Amino acid sequence: MSQPIVLITGASRGLGEATARALAQMGARVVLNARSSDDLVAVAGRIRSAGGTAEVVVGDVSAPEICERLIQTALDRFGRIDALINNAAMLEPIAAIGDAERDDWTRHMAVNVIGPVLLTRAALASLRSRKGRVINVSSGAAVHPKATWAAYGASKSALNHLTTVLALEEPEITALAVAPGIIDTEMQALIRERGKGTMQEKDYQRFVGLHERGELRSPDEPGRALAVLALHAPHEWSGMFVTWDEDRITELVQQHTAS
Ligand SMILES: NC(=O)c1ccc[n+]([C@@H]2O[C@H](COP(=O)([O-])OP(=O)(O)OC[C@H]3O[C@@H](n4cnc5c(N)ncnc54)[C@H](OP(=O)(O)O)[C@@H]3O)[C@@H](O)[C@H]2O)c1
């Protein structure tokens, strides 16, 4: 595939930025989205300085017009979409079901579930014709429930389900939900900042301990795995929920990154 076109949301920092950089290094042209204009433009600038091609669409994935603009920008600029990576997400509300407000639930689902659905729908025609891929960034929280993380666990679980249904409905497309591991990003900082006194102590201390012992992973390796999956995931895997470092993915990454 020559210079595949890949859209990635939540590309201003963390895992999304690492994935965008890896994609560009692998020869993809990327269309980047997030809300923070300065950070997003800086990421695109670094990709261009390294010889890559990056377009930017600033805005909130919960807004239907931003989803439309993101897809349309890719089509206008490059004429096709080879892969969509739904990476942008929020963790909050961190709250017991008995305490979380309706508006917080609505906002959460709009960002973590409805945005990816709208983006997928808008990209479908091009993805079908390109036999493209949809990579939904999920989480272990989709299958390992935690008190006070009902919204996040439910939204990631919903994303896994959507991935499976997309695979059933769209035989030309390869859809995967991927758990990226526990990574040293702002989302982890948010857990340490807001989880105290709300999360169960054992859960909270686990994340604090990983940070204190320097055991949080850099986003670079999972970012590389997401990039390889977006470009090369085999169609037989369509519909699955996978973990970024399971053996078959490590083999695929080695196969496509060996120099
Ligand atoms: N970090 C972990 O340990 C971990 C573990 C499992 C799964 N994940 C998943 O990995 C993905 C990336 O998370 P991360 O750890 O890199 O988090 P992060 O550092 O908080 O980055 C989130 C990214 O999403 C963007 N974003 C957030 N809300 C958005 C919105 N409404 N519209 C558009 N962009 C939005 C942020 O940029 P702006 O603020 O500029 O919009 C940022 O670029 C998420 O799907 C997360 O659930 C992370």
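Every number for a ligand or one of its atoms is a count from 1 in the order of the listing. Computed from a predicted model, the values in this text were never measured in an experiment.
- Checking S62 against R107 by side-chain atom types alone, a donor-acceptor pair falls below 3.5 Å.
- Side chains of Q205 and E201: a donor-acceptor N/O pair is present below 3.5 angstrom, by distance only.
- Remark: R21 engages E17 in a salt bridge, criterion side-chain N to carboxylate O under 4.0 Å.
- Panel note: side chain N87, backbone G10; a donor-acceptor pair is recorded below 3.5 Å.
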Checklist line | L226 and I8: CA distance, side-chain angles, deciding distance, side chain to side chain contact (heavy atoms under 4.5 Å, CB included) verdict | finding: CA-CA 11 Å; L226 285 180; I8 175 159; 6.0 Å; no

Could you give the N/O to N/O pairs under 3.5 Å linking ligand 1 and the protein, each with its distance?
residue: ligand 1; atom: 1 (N); partner: I183; partner atom: O; Å: 3.4
residue: ligand 1; atom: 1 (N); partner: T185; partner atom: OG1; Å: 3.0
residue: ligand 1; atom: 3 (O); partner: I183; partner atom: N; Å: 2.9
residue: ligand 1; atom: 3 (O); partner: Q188; partner atom: NE2; Å: 2.9
residue: ligand 1; atom: 15 (O); partner: T185; partner atom: OG1; Å: 2.5
residue: ligand 1; atom: 16 (O); partner: L15; partner atom: N; Å: 2.9
residue: ligand 1; atom: 19 (O); partner: R13; partner atom: NE; Å: 3.2
residue: ligand 1; atom: 19 (O); partner: E186; partner atom: N; Å: 3.4
residue: ligand 1; atom: 20 (O); partner: R13; partner atom: NH2; Å: 3.1
residue: ligand 1; atom: 28 (N); partner: R35; partner atom: NH2; Å: 3.3
residue: ligand 1; atom: 31 (N); partner: D60; partner atom: OD1; Å: 2.9
residue: ligand 1; atom: 32 (N); partner: V61; partner atom: N; Å: 3.0
residue: ligand 1; atom: 37 (O); partner: S12; partner atom: OG; Å: 2.9
residue: ligand 1; atom: 39 (O); partner: R13; partner atom: NH1; Å: 3.1
residue: ligand 1; atom: 39 (O); partner: R35; partner atom: NH2; Å: 2.9
residue: ligand 1; atom: 40 (O); partner: S12; partner atom: OG; Å: 3.2
residue: ligand 1; atom: 40 (O); partner: R35; partner atom: N; Å: 3.4
residue: ligand 1; atom: 40 (O); partner: S36; partner atom: N; Å: 2.9
residue: ligand 1; atom: 40 (O); partner: S36; partner atom: OG; Å: 2.4
residue: ligand 1; atom: 41 (O); partner: R35; partner atom: N; Å: 2.8
residue: ligand 1; atom: 41 (O); partner: R35; partner atom: NE; Å: 2.7
residue: ligand 1; atom: 41 (O); partner: R35; partner atom: NH2; Å: 3.4
residue: ligand 1; atom: 43 (O); partner: G10; partner atom: O; Å: 3.1
residue: ligand 1; atom: 43 (O); partner: S12; partner atom: N; Å: 3.3
residue: ligand 1; atom: 43 (O); partner: S12; partner atom: OG; Å: 2.7
residue: ligand 1; atom: 45 (O); partner: N87; partner atom: O; Å: 2.7
residue: ligand 1; atom: 45 (O); partner: K156; partner atom: NZ; Å: 2.9
residue: ligand 1; atom: 47 (O); partner: Y152; partner atom: OH; Å: 2.5
residue: ligand 1; atom: 47 (O); partner: K156; partner atom: NZ; Å: 3.1

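- Counting only distance, with no hydrogens or angles, the side chain of H211 and the backbone of A189 share no donor-acceptor pair below 3.5 Å.
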